[in-house]
Asker: 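Okay, here's the structure, questions in a sec.
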Amino acid sequence: MCTNHDYFMQLAADEASKNNKTNEGGPFGACIVKEGELVVVAHNLVLATNDPTAHAEVSAIRAACAKLGTHDLSGCTLYTSCYPCPMCLSATIWANIKVVYYGNLAADADAIGFRDDFIYDFIEGQAVDTTVLQLSPLGRDKTIVAFNEFANKQDKTIY
Ligand SMILES: Nc1ccnc(=O)[nH]1
């Protein structure tokens, strides 16, 4: 069991290292495992795809969902070379992944120039630089319409 854990984390770590040679994105790798079997290995693709959301974990979730043909990764385990950023943590929860193993800490990512820690601070209202994002309410009377329709919809899917 311990051997498998080490094996899957090594896959994630090697995938992260690859990016230092190919420059497809930051040094982050991840893999998703189901019932002890590898589903996908993925790495950060932010630079290769011009997609700021293409973190290793999101890329792994997208690939696993495509491969398994579902939006629901219940029963899957995520191994990631770094503690997930808030976006990836949310994506993990949305995907119903319940078990995550991480290698590096958010502080380790901060130490090499990534803003993981900063975003956590921002969400907690503790960021020093609050000019990074202006977040204002607007037009709820317009937007609530679709929510009211959904509330009354008979054939809805909740995820
Ligand atoms: N934890 C992470 C931070 C930034 N990029 C990633 O792919 N992963």
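Just so it is clear, the values below take in all heavy atoms, side chains as well, and ignore hydrogens, waters and symmetry mates. In each ligand, atom 1 is the first atom listed, and ligand 1 is the first ligand listed.
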Asker: Charged N to carboxylate O under 4.0 angstrom, Asp155 versus Lys153?
Answerer: yes
Asker: What residues, two or more places apart in sequence or in another chain, satisfy salt bridge (Lys or Arg N to Asp or Glu O under 4.0 Å) together with Lys67?
Answerer: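 Applying salt bridge (Lys or Arg N to Asp or Glu O under 4.0 Å) to Lys67 gives none.
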Asker: To the nearest 0.5 Å, tell me how far Thr77 OG1 sits from Tyr101 OH.
Answerer: 6.5 Å
Asker: Can you tell which of Leu105, Ile112, Asn104 makes a side chain to side chain contact (heavy atoms under 4.5 Å, CB included) with Cys82?
Answerer: Asn104
Asker: Quick one: which ligand 1 atoms are inside 4.0 Å of a heavy atom on Tyr83?
Answerer: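 Taking each heavy atom of Tyr83 in turn, ligand 1 has 1 (N) under 4.0 Å.
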Asker: Just which atoms of ligand 1 are under 4.0 Å from any heavy atom in Ala56?
Answerer: 6 (C), 7 (O)
Asker: Given that the side chain starts at C-beta and the backbone is N, CA, C, O, which of these parts of Thr80 lies under 4.0 Å from ligand 1, counting heavy atoms, or is it both or neither?
Answerer: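 Neither part.
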Asker: Of the protein's non-hydrogen atoms, which lies at the shortest distance from atom 3 (C) of ligand 1, and what is that distance?
Answerer: Asp116 OD2, 3.1 Å
Asker: Identify all side-chain donor-acceptor contacts of residues 87-99 below 3.5 Å with residues at least two apart in sequence or on another chain.
Answerer:
| unit_1 | atom_1 | unit_2 | atom_2 | d |
| --- | --- | --- | --- | --- |
| Ser90 | OG | Pro86 | O | 2.8 |
| Thr92 | OG1 | Cys88 | O | 2.6 |
| Asn96 | ND2 | Asp72 | OD1 | 3.0 |

Asker: Parallel under 30°, tilted from 30 to 60°, perpendicular over 60°: which one fits the rings of Phe28 and His55?
Answerer: parallel
Asker: For atom 2 (C) of ligand 1, which of the options Phe28, Phe114, Tyr102 provides the nearest non-hydrogen atom?
Answerer: Phe28
Asker: By number and element, which atoms of ligand 1 are closer than 4.0 Å to a non-hydrogen atom of Asn44?
Answerer: 5 (N), 6 (C), 7 (O)
Asker: How close does the nearest protein non-hydrogen atom get to atom 8 (N) of ligand 1, and which residue and atom is it?
Answerer: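 Sorting protein heavy atoms by distance from atom 8 (N) of ligand 1 puts Glu57 OE1, 3.1 Å first.
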